[in-house]
Amino acid sequence: QVQLVESGGGLVQPGGSLRVSCTASESTLDYYDIGWFRQAPGKEREGVSTITRLSGRKFYADSLKGRFTISRDKAKNTVYLQMKSLKPDDTAVYYCAAAVVAYEDTWYNPSSYHIWGRGTQVTVSS
């Protein structure tokens, strides 16, 4: 059974950087597109970034381009989300999720993903 485990969350000051990781079981990265989502208290879950399994194409939320970078290490079955210039508004639980296929017009929709991790808390505060 495919499992996703997030790690690397924590408390960071505004303007700081943080990298969160999503480690998958088996060879998940060969069969699934992997996305990062976040959910702040009282808000809907929103798509942050996705990387496709074949071409490694990357999708980003327009508002986060330039600050967030997604990458993967297939040998470690891990997808990373590097975040920089963090703001208090970036505070949220960050989830990774797996989709059979993520298209340009669907990657940001949580309903496109059917396997989810439990999330890791990222708090940006001074």
Subject >> Ionic contact status for E6 with R118, cut-off 4.0 Å >> reply: no

Here the gap from K58 atom NZ to R72 atom CZ, rounded to the nearest 0.5 Å, amounts to 8.5 Å

Residue pairs passing the disulfide bond (SG atoms under 2.5 Å apart) test with at least one member in residues 97-126, sequence neighbours excluded, are none

So do the side chains of D90 and M83 get within less than 4.5 Å of each other, counting heavy atoms only?
no

Under 3.5 Å, is there a donor-acceptor pair between the side chain of S112 and the main chain of T106? yes

Value for CG (L29) from NZ (K74), rounded to nearest 0.5 Å, stands at 7.0 Å

The salt bridge (Lys or Arg N to Asp or Glu O under 4.0 Å) partners of R19 (sequence neighbours excluded) come to none

- Any side-chain heavy-atom pair of Q13 and S125 under 4.5 Å: no

For K43, the salt bridge (Lys or Arg N to Asp or Glu O under 4.0 Å) test, sequence neighbours excluded, returns none

Those residues at least two apart in sequence (or on a different chain) that pass salt bridge (Lys or Arg N to Asp or Glu O under 4.0 Å) with D89 are none

Cluster membership besides V5, Ile/Leu/Val/Met/Phe/Trp/Tyr side chains within less than 4.5 angstrom, sorted by chain and number, is none

A61 and G47 have their tightest heavy-atom pair at CB-O, 3.6 Å

Between A40 and A92 the two heavy atoms that sit nearest each other are N-CB, 3.8 Å

For K87, the salt bridge (Lys or Arg N to Asp or Glu O under 4.0 Å) test, sequence neighbours excluded, returns none

Rounded to the nearest 0.5 Å, the CD1 atom of I51 sits from the CD1 atom of I34 at a distance of 9.5 Å

Determine, using the 4.5 Å side-chain heavy-atom cutoff (strictly less than), whether W107 and V79 are members of one ILVMFWY cluster.
no

Does any N or O in the side chain of R53 come within less than 3.5 Å of the main-chain N or O of V100, such that one atom is a donor and the other an acceptor?
yes

Verdict with reasoning, L81 to T69, per side chain to side chain contact (heavy atoms under 4.5 Å, CB included): CA-CA 6 Å; L81 184 69; T69 303; over 6 Å; no

Using distance alone, with no hydrogens and no angle criterion, decide if T23 and T78 have a side-chain donor and acceptor under 3.5 Å apart. yes

### Query
Are the side chain of T120 and the backbone of G9 linked by a donor-acceptor contact shorter than 3.5 Å?
yes

Sorted by chain and residue number, the side-chain contact (heavy atoms from CB on, under 4.5 Å) partners of S25 (sequence neighbours excluded) come out as V2, Q3, T28

Quiz item: Just wondering, are more than 12 heavy atoms of other shown residues or ligands nearer than 6.0 Å to NZ in K84?
Solution: no

Applying side-chain contact (heavy atoms from CB on, under 4.5 Å) to E104 and not counting sequence neighbours gives R57, F59

Quick note, ring pair (Phe, Tyr, Trp, His ring centres under 6.0 Å) partners involving residues 12-51, not counting sequence neighbours, are Y32-H114, F37-Y113, F37-W116

For L54, the hydrophobic cluster (side chain heavy atoms closer than 4.5 Å, chained through members) also holds none

Single-linkage hydrophobic cluster, 4.5 Å side-chain cutoff, I70 and Y108 together: no

Only one of V12, T91, T123 passes side chain to side chain contact (heavy atoms under 4.5 Å, CB included) with L86, and that residue is V12

dist Q121:CD -> R38:CZ (nearest 0.5 Å) comes out at 12.0 Å

So the ring pair (Phe, Tyr, Trp, His ring centres under 6.0 Å) pairs with at least one residue in residues 60-95 (sequence neighbours excluded) are none

Contacts satisfying disulfide bond (SG atoms under 2.5 Å apart) that involve residues 13-98 (not counting sequence neighbours) are C22-C96

